[in-house]
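Input: a single structure, listed below in structure tokens.
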Amino acid sequence: RAKELGGRRVEIFATHMHASVLQRLELASDLQRAVAEKQFTIEYQPVVDLETCNVTAVEALVRWWRGSTFVPPEKFLGIAEETGVIVSLSEWILREACREVVAWRESGWDIGLSVNLSARQINDPRFVEKVAGALEESGLPPGALTLEVVEEMLVAGADETMKKLAELRSLGVRLAIDDFGTGYASLASLRQIPVDMIKIDPSFVSGLGRDETLTLLTRTIVRLGHDLGLVVVAEGIERPEQLELLREMGCPRGQGYLVSRPMAARRVDSLRRIGLQSTA
Ligand code: C2E
Ligand code: MG
Ligand code: MG
Ligand code: MG
């Protein structure tokens with residue numbers, strides 16, 4: 001009887017595994033096709049000066065509509081990374097975002113662009129060349145582009161990564177550490193490579209005014225960034241109380257649903273005229 005039950009358990013397990021493996025395979029092949037068929041779009045989330053609410057930059061965020069179903073980045077970026085599709089997808093995102101931001105800048109609007117990097121993208125032997133190419137082709141000044149990396153990409157030993165990022169930085173491109181404070185080497189990562197910006201993870205910002213420790217940690221990161229001469233961006237601002245506290249802490253920049261959700265390119269243009277003052 002026990003054997004019988006055990007056998008069934010194995011069978012049930014196998015069925016589950018089968019389903020998830022199939023799902024992943026399907027997603028992987030759909031992704032391949034999606035890249036070829038350009039099913040991706042980019043949304044832009046404004047990054048603002050917290051004092052004035054002026055938009056200083058936009059962060060490019062990839063969007064995938066698989067038929068009529070929206071697939072969030074967290075659901076497909078891992079698979080795209082595993083299969084390598086991320087390399088061509090990232091290349092498209094970078095070039096497309098540079099092109100769109102240049103069009104907005106041409107009307108005299110001085111905004112920057114932030115783009116998230118993936119590990120596999122940096123490992124591409126032609127990575128530096130491709131970034132330089134996207135800048136040249138679009139005419140975006142290197143100083144207007146910030147590349148966001150997470151701490152894990154900067155851990156000791158990733159010498160090749162450091163070399164490439166340093167090379168880009170010497171071209172004038174800026175570097176940001178995204179999700180700052182959530183990795184296991186936040187402080188060490190600041191020593192690994194010269195960065196220009198840290199983005200405080202929403203897990204800290206969410207606790208502002210509600211959790212003493214998280215509030216204290218946020219204040220400490222803001223001060224640390226300031227003392228190191230870095231631009232500090234608070235991510236995930238959703239409540240007016242968080243905005244008030246961040247202003248009081250002297251956090252220079254922020255991003256979050258309270259200020260603006262990510263939006264389609266055609267809507268970004270109108271931001272310039274209406275601004276964001278009304279929301280915050
Ligand atoms: P991230 O770079 O830290 O981007 C911020 C994420 O927080 C975005 O999620 C954004 O929509 C979301 N967000 C912004 N404000 C708020 C808020 O007030 N509340 C909440 N709850 N969320 C907020 P999204 O677009 O789903 O992207 C998730 C992650 O996927 C990104 O985190 C980034 O790591 C990755 N990602 C997105 N687009 C790209 C891309 O084009 N390339 C690469 N390599 N990674 C990307
Ligand atoms: Mg980011
Ligand atoms: Mg983040
Ligand atoms: Mg993230």
Side-chain angles (χ1 to χ4, degrees), residues 31 34-35 39-48 50 55 57-65 70-98 100-101 112-124 127 130-131 134 145-153 161 174-183 186 189 195-208 218 221 231-243 246 253-265 276 279-280:
L31 261 174
V35 172
Q39 287 175 17
F40 294 94
T41 57
I42 303 173
E43 285 194 339
Y44 297 89
Q45 186 177 36
V47 178
V48 300
L50 287 183
V55 180
V58 289
E59 178 175 3
L61 296 162
V62 67
R63 296 293 178 249
W64 182 23
W65 284 92
F70 174 70
V71 189
E74 263 108 10
K75 279 258 164 64
F76 69 83
L77 285 176
I79 298 177
E81 185 93 17
E82 279 169 36
T83 58
V85 159
I86 192 79
V87 176
S88 52
L89 177 59
S90 302
E91 195 179 334
W92 175 78
I93 293 164
L94 181 67
R95 293 172 64 185
E96 180 73 2
C98 285
E100 288 189 305
V101 168
L113 167 66
S114 258
V115 176
N116 294 286
L117 294 183
S118 90
R120 189 114 177 213
Q121 178 184 14
I122 304 176
N123 284 341
D124 175 358
F127 168 63
K130 284 176 179 175
V131 175
L145 177 66
T146 300
L147 298 176
E148 301 189 2
V149 296
V150 293
E151 293 160 29
E152 286 67 26
M153 298 176 190
T161 297
R174 297 173 204 272
L175 297 179
I177 299 183
D178 202 358
D179 306 348
F180 186 81
T182 58
S186 299
S189 68
V195 296
D196 305 274
M197 178 186 285
I198 51 180
K199 302 188 76 172
I200 308 176
D201 193 71
S203 57
F204 297 96
V205 178
S206 65
L208 280 175
T218 305
I221 298 174
V231 177
V232 179
V233 181
E235 280 196 288
I237 306 171
E238 293 181 349
R239 293 176 281 116
E241 181 192 21
Q242 295 169 309
L243 180 63
L246 286 162
R253 296 199 194 157
Q255 195 175 347
Y257 294 169
L258 176 73
V259 185
S260 170
R261 288 193 173 250
M263 58 181 88
L276 287 163
T279 42

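Remember, it's 1-based here, ligands and their atoms both numbered in the order they're listed. Just so it is clear, the model here is predicted, and its values are computed rather than measured.
- Of all N/O/S atoms in Glu59, OE2 sits nearest the Mg ion (ligand 2).
- At least one N/O/S atom of Asp178, from backbone or side chain, sits under 2.8 Å from the Mg ion (ligand 3).
- Proximity of Gln255 to ligand 1, defined as any heavy-atom pair under 4.0 Å, is not found for any part of the residue.
- Some N or O of Val62 is nearer than 3.5 Å to an N or O of ligand 1, by distance alone.
- The Pro262 neighbourhood of ligand 1 comprises atoms 11 (O), with distances under 4.0 Å to a heavy atom of that residue.
- Residue contacts to the Mg ion (ligand 2): Asn116 brings an N, O or S atom closer than 2.8 Å.
- Under a 4.0 angstrom heavy-atom cut-off, Gly236 registers as being in contact with ligand 1.
- With sequence neighbours excluded, the residues satisfying side-chain contact (heavy atoms from CB on, under 4.5 Å) with Ser203 are Thr182, Asp201.
- Against a heavy-atom cut-off of under 4.0 Å, Leu117 is close to the following atoms of ligand 1: 44 (N).
- The N, O or S atom of Asp179 lying closest to the Mg ion (ligand 3) is OD1.
- Closest N/O/S atom of Glu235 to the Mg ion (ligand 3): OE1.
- For the pair Asp179 and ligand 1, the shortest N or O to N or O distance falls below 3.5 Å.
- Listed by atom number, the atoms of ligand 1 under 4.0 Å from Glu238 heavy atoms are 17 (C), 18 (O), 19 (N), 20 (C), 21 (N).
- Heavy-atom proximity to atom 37 (C) of ligand 1, evaluated over Ile86, Leu61, Ile42, Leu94, is greatest for Leu61.
- Listed by atom number, the atoms of ligand 1 under 4.0 Å from Asp178 heavy atoms are 1 (P), 2 (O), 3 (O).
- Inclusion of Glu148 in the first shell of the Mg ion (ligand 3) is not supported: no N, O or S atom falls under 2.8 Å.
- Listed for the Asp196 side chain is a donor-acceptor partner under 3.5 Å among the backbone atoms of Leu175.
- Distances shorter than 4.0 angstrom occur between a heavy atom of Glu235 and an atom of ligand 1.
- Using a non-hydrogen distance threshold of 4.0 Å, Gln45 registers as a contact of ligand 1.
- When non-hydrogen atoms are compared, ligand 1 lies under 4.0 Å from the backbone of Ile237 (N, CA, C, O) but not from its side chain.
- Partners of Arg253 according to the salt bridge (charged side-chain N to carboxylate O under 4.0 Å, His left out) rule, which considers only residues two or more places apart in sequence or in another chain, do not exist here.
- Contact annotation for Glu59 and ligand 1: only side-chain heavy atoms (C-beta onward) come within less than 4.0 Å of the ligand.
- Residue-ligand proximity: Arg63 is placed with a non-hydrogen atom under 4.0 Å from ligand 1.
- Residue Leu77 has at least one heavy-atom neighbour below 4.0 Å for each of these atoms of ligand 1: 30 (O), 35 (C), 36 (N), 45 (N), 46 (C).
- Between Ser90 and ligand 1 there is no heavy-atom distance shorter than 4.0 Å.
- For atom 43 (C) of ligand 1, the candidate residues are Ile93, Asn116, Ile122; the nearest heavy-atom contact is made by Asn116.
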